[in-house]
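Every chain is numbered from 1 and lettered A, B, ... according to where its sequence line falls, protein lines coming before strand lines.
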4 protein chains.
Amino acid sequence: MSQLNALHQAPATSPEREAYYARISSNNLRPLWTNLANLSKPEPVPATKPVVWRYEEARALLMEAVPLISVEEAERRVLNLANPGLLPRPQITNSLMGGLQLVLPGEIAPAHRHTASALRFVIESEGAYTAVNGEKTEMRPGDFVITPCWNWHDHGNETDKPVIWLDVLDVPLVSLLDAAFTESYPEDRQFVQRPSGDSLARYGSGLLPVNYSGSAVTSPIFNYPYARTRDALETMRRVEEWDPSHGLKLQFVNPTNGQFAMATIGTFMQLLPKGFAGERYRSTDATVFSVIEGSGQTVVSGTDGVDVVMTWGPKDIFVVPAWSWHRHEVLGSDDAVLFSASDRPVQQTFGLWREDRANR
Amino acid sequence: MSQLNALHQAPATSPEREAYYARISSNNLRPLWTNLANLSKPEPVPATKPVVWRYEEARALLMEAVPLISVEEAERRVLNLANPGLLPRPQITNSLMGGLQLVLPGEIAPAHRHTASALRFVIESEGAYTAVNGEKTEMRPGDFVITPCWNWHDHGNETDKPVIWLDVLDVPLVSLLDAAFTESYPEDRQFVQRPSGDSLARYGSGLLPVNYSGSAVTSPIFNYPYARTRDALETMRRVEEWDPSHGLKLQFVNPTNGQFAMATIGTFMQLLPKGFAGERYRSTDATVFSVIEGSGQTVVSGTDGVDVVMTWGPKDIFVVPAWSWHRHEVLGSDDAVLFSASDRPVQQTFGLWREDRANR
Amino acid sequence: MSQLNALHQAPATSPEREAYYARISSNNLRPLWTNLANLSKPEPVPATKPVVWRYEEARALLMEAVPLISVEEAERRVLNLANPGLLPRPQITNSLMGGLQLVLPGEIAPAHRHTASALRFVIESEGAYTAVNGEKTEMRPGDFVITPCWNWHDHGNETDKPVIWLDVLDVPLVSLLDAAFTESYPEDRQFVQRPSGDSLARYGSGLLPVNYSGSAVTSPIFNYPYARTRDALETMRRVEEWDPSHGLKLQFVNPTNGQFAMATIGTFMQLLPKGFAGERYRSTDATVFSVIEGSGQTVVSGTDGVDVVMTWGPKDIFVVPAWSWHRHEVLGSDDAVLFSASDRPVQQTFGLWREDRANR
Amino acid sequence: MSQLNALHQAPATSPEREAYYARISSNNLRPLWTNLANLSKPEPVPATKPVVWRYEEARALLMEAVPLISVEEAERRVLNLANPGLLPRPQITNSLMGGLQLVLPGEIAPAHRHTASALRFVIESEGAYTAVNGEKTEMRPGDFVITPCWNWHDHGNETDKPVIWLDVLDVPLVSLLDAAFTESYPEDRQFVQRPSGDSLARYGSGLLPVNYSGSAVTSPIFNYPYARTRDALETMRRVEEWDPSHGLKLQFVNPTNGQFAMATIGTFMQLLPKGFAGERYRSTDATVFSVIEGSGQTVVSGTDGVDVVMTWGPKDIFVVPAWSWHRHEVLGSDDAVLFSASDRPVQQTFGLWREDRANR
């Protein structure tokens, strides 16, 4: 047995070893064994921290940006949700970027496209729009909107209220792969060819066009309206099958293949009934939660034995790091509804995803 | 049109803006627009450099490690191939780790497992072994051996010559996902239950066990012997269908699903005939090449207009960065055979992979 | 070239040949060549005939069965739609059985299951039910209901009006495969565990339960309500993309994999706008049409050069044989909506399906 | 409960009922209930009989055909293996046609193609050829050769010995679907573009051409040589994992997707060691066996309680009907090797396939 080797701690240094390391360095070689213990921890030890963004505070700060920078100059008026454990990288988890985006009445976030995929989870809106590939969709609170890899998209606000949504992108993954392309559209707005609702009708009604063959990578539906999602949750809850940790939890899917709606970011919606006190759970995908309805708290057990309690209410955003025991509790007199997003599809595709329900 | 915005260059700073950035910082918020131009380059601008490792030099340095560190202490006596563009991360490309591993006669690299997947491409060996999940396989030069995600594996050398192979692992991807687990086997060697060749016979002969259902993630064949690969290349070349850039290029596949042999690392074998002068080509997957037979040069066009010429001979290893125009030429009187590896399966799974054959 | 051989016509007979055929017969051998021309026609020559069933006539005859046989005695009070070209086999096409089923107020068609898959396309109903695997669904005109392979199902009518639907089953395929099993449920009605609408909410709203893994063979949705289908057609038609032969034609899909809702029977819904005069078309799947809205005619070109004109109105059922040129015309002042069913998924799975749009 | 209804036996007849049946008949309607018991047996009751064809007898009769009919006149000199339970249809099972085909030295079976798929299992040959889509392959005893749907194929014999093989085709399925097309090639032999062995090297060596995308329906390998198959069996048997009913049983697969080599006909190879006495087994796919090596007997339990014992030796062909209990025994001093074919892929695709190992 080899318990006390470089898998567990770096071998001691010595003048001879140091000299050797220096010598091979100029040949573009490095010893693995000095780094192996760091690479070989028994379990994930994520740098990502559990953290909550209070919506009212974040919103107020976002509004302060308005006089400081125009959407024309900013291209997108977004404040990144920067996880304090990952600085200086302004990422919300190790594999995802998150942000709050603001478009004021009359503003346009001009059309562009990129190979990174983005989701927009609508927090405040009374009908501002996102246009994707020639179709406009109105954005309402709780709507889950996708702007997929290399699809033209622009956003605009023709209402009289600000629109604010949560952005989540797979930028860290695309960067790791050195596969990031970006292009500006020649106009601020793309030409709209299809009425609102066309995609949902065409692909999301239990039918598909005859001989349809689409991309396997992303759903042809790009707006999953909350009205529909909420109705589904209400119908389903009549069968009292509550998961002890998750309540009633569903994942958004691409109806053309039954896979996740986005190939790189899994998205979920869950209903936690009034009084729900969930059991501990952990999985390898760090998860971003956005609260739609209700209030509660999520308790994350730190590796140091100290629990972090994140209380949350409507519109707040919080993060549970990878492989961290946590449990949700609903407080107050209402049911809670949580949207969430993680890199689960990537992990499942490669056989890396694990979950664990045993208490500790 | 919005050509001169944050997509293209960071907005100018000002005292007001700086004050604002400082203020939001304590709320775990950061402006996107100061970082957007960096994230939004029109095309990938990889940090990875084109670089060659001369085998004889690297081998000599690897041998110098023997008196400095035992395999017991090192767990694995590996020198990482450290791309100079990626330091201090000791990675061969942005998404892959590479290394040269040495096991001397009588040594054992003890059994362990990890969620990172590894390939071993054999450079020097007269029959040293790798054991995977209870089956031992002999390693011969040119053999492509897989130790998949979370499979027990150990290596040993019962011959009288050193064995050296190229390691390539998906560690950066697994780290990005915070999904790295590692475990030591209770013994140095795992118990061997199956004779050598069992997997290849069982899964790689055009048949599968009745009602077989295996993992979609990795091939049940874990040694693709060079003897077989080389024979296939010789048979195929009788039809004169040479790709202008790649010669005769094949990818290793999992015979249970026709996908890449490894879900996260694509592996290829190509024959370039004597006199081959390939046309320029680029793709988004940075590629590690290992030369089996023949000599030649690979010319990589830098973004600065300066060509980098990498000459190579048998056993040398070289890297072509992502999205970099390059061409291969065979020099000397022999055909060349190149093994290569990249993150292509990941990119193709997510619709990110691109290639380009137009000259420039 | 071998144009005048047994591929084209049976070889002449002779006393020696006849004697030989007799001799081998007792060894369970038969000459292929006497049968080859029959098996080797250049194109399909279907025995199936184009035929219309007028709903009012068929309904009247179905009602006449009521005093003659109870549903208890009949198990199912069904009149098979017997294609005159296929007699004595009571099939609607060469690969499908069709029937009209009647359940009167207060009656129950008792619970059973079989390996043949069945669809029920609702013609007349004000809320009679089908129960599948513990969930009841109300049946409304235009609803497409599935009772999949080996799923318990029963039907009942707790309203005060008769319910009549079109049955289509894959019995001929299951019989060819010698794979028909049938079982009676111990009670007339199965125990209902889930409220109506549960399946549609759970699987048909753009979401799936987390970690869902279902059968690939049939949709977990078993009622595709016409209200939803019709809404989708109305939304889609705003983009004026009419197929010259099919109008606006969609196929029902299993939202867990994007394949046909049933693995063996393809089902379609198409809108033909007022005034539509379709172009000629043919495909290898003989198709059963059921008219929901509108009136028109379908002209089928016989191989003898004589056209067969089938006029149709609401609730009529008609058949277009395989590989027969045909065209649809809408007559009268309303749009037409047609449901249809065929063995297309089987043909597509095995690479046999062909279509042809060239006129002749 | 409804045990004594039309599901179990046809309702009694009466003058009123008969008059009604006659009346609806002219409207192309038939009662289901008079036929329902026949369609609804609890289990399959196959018409297919267990039967053996002694090769020496069949071969002698096949040779007698030579002076009676030329291959030019016959197009294919084939004697169908006609299951006595299925007459007058000359089929070997309910869903498959079988035949023995003879090509004499100097003869050509001219090039044609059809949508039915065929396999050729070689019994006697010293190198006669089959050509498929521009590639010729030599046929040796035990080779499994495919001529897929709509692929040009011809056979010839340039040796000095007759070649005889077993043909198995999916003609009954293609006929059920009315999807049979046939075409003659303009010449007797197709133009050969690829050397023998090209397909096996290109697709069957653990690699595939880069960016390969082939048909999902059939394997691009069209000859699975027995030499390779037999080697695989010998290697695998070193691990003593014998199935109690099947010995060591494998299925031929398409290496581009891991599915059956043919989409409609499953093919298997199994090794039964000397002294093997198998346990009873049944499955829903009637199976054609062709003996390559060894002798033995297969005992099929009739539904009437009487066992049918089929003894077999090298080159004999025998059939086990669907859902019939049977067991194999090896007699004599040699191992036995059996090739077999059935419609299992069709049944598995549609969720219909069942197997049963319980004794009775």
Taking the six-membered ring for Trp, are C/F276 and C/H328 ring centroids under 6.0 Å apart?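 When the ring centroids of C/F276 and C/H328 are compared, they turn out to be at least 6.0 Å apart.
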Closer than 3.5 angstrom, by distance alone: can the side chain of C/D170 be matched with the main-chain N or O of C/S117 as a donor-acceptor pair?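 Such a contact is found between C/D170 side chain and C/S117 backbone.
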In terms of heavy-atom pairs under 4.5 Å, which option from A/D243, A/L250, A/N254 contacts chain C the most?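 Top count of heavy-atom pairs under 4.5 Å with chain C: A/L250.
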Could you check which of A/I221, A/L248, A/N211 has the highest count of heavy-atom pairs closer than 4.5 Å to chain C?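 Of the candidates given, the most pairs with chain C belong to A/N211.
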Please determine, by modelled atom types, if [X] and [Y] share a side-chain donor-acceptor pair under 3.5 angstrom.
X	Y	value
A/S219	A/Y224	yes
A/S125	A/W165	no
A/T147	A/R120	yes
C/W152	C/D154	no
A/E240	A/W242	yes

Is [X] close to chain C through its backbone or its side chain, or both, or neither, when contacts mean heavy atoms under 4.5 Å?
X	value
A/D231	neither
A/S199	neither
A/L208	both

Taking side chain as everything from C-beta outward and backbone as N, CA, C, O, which of these in [X] sits under 4.5 Å from a heavy atom of chain A? Side chain, backbone, both or neither.
X	value
C/Q270	neither
C/F252	both
C/T267	neither
C/E234	neither
C/E241	side chain

Pairs of heavy atoms under 4.5 Å with chain A: top-ranked of C/R228, C/Q193, C/R238: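 Among C/R228, C/Q193, C/R238, the one with the most close pairs to chain A is C/R228.
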Looking at C/G266, C/G206, C/P209, C/P255, which makes the most heavy-atom pairs under 4.5 Å with chain A?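 Option with the greatest count: C/G206.
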ring-ring contact (aromatic ring centres under 6.0 Å, His included), paired with C/F144, selected from C/F339, C/F222, C/F121: C/F339
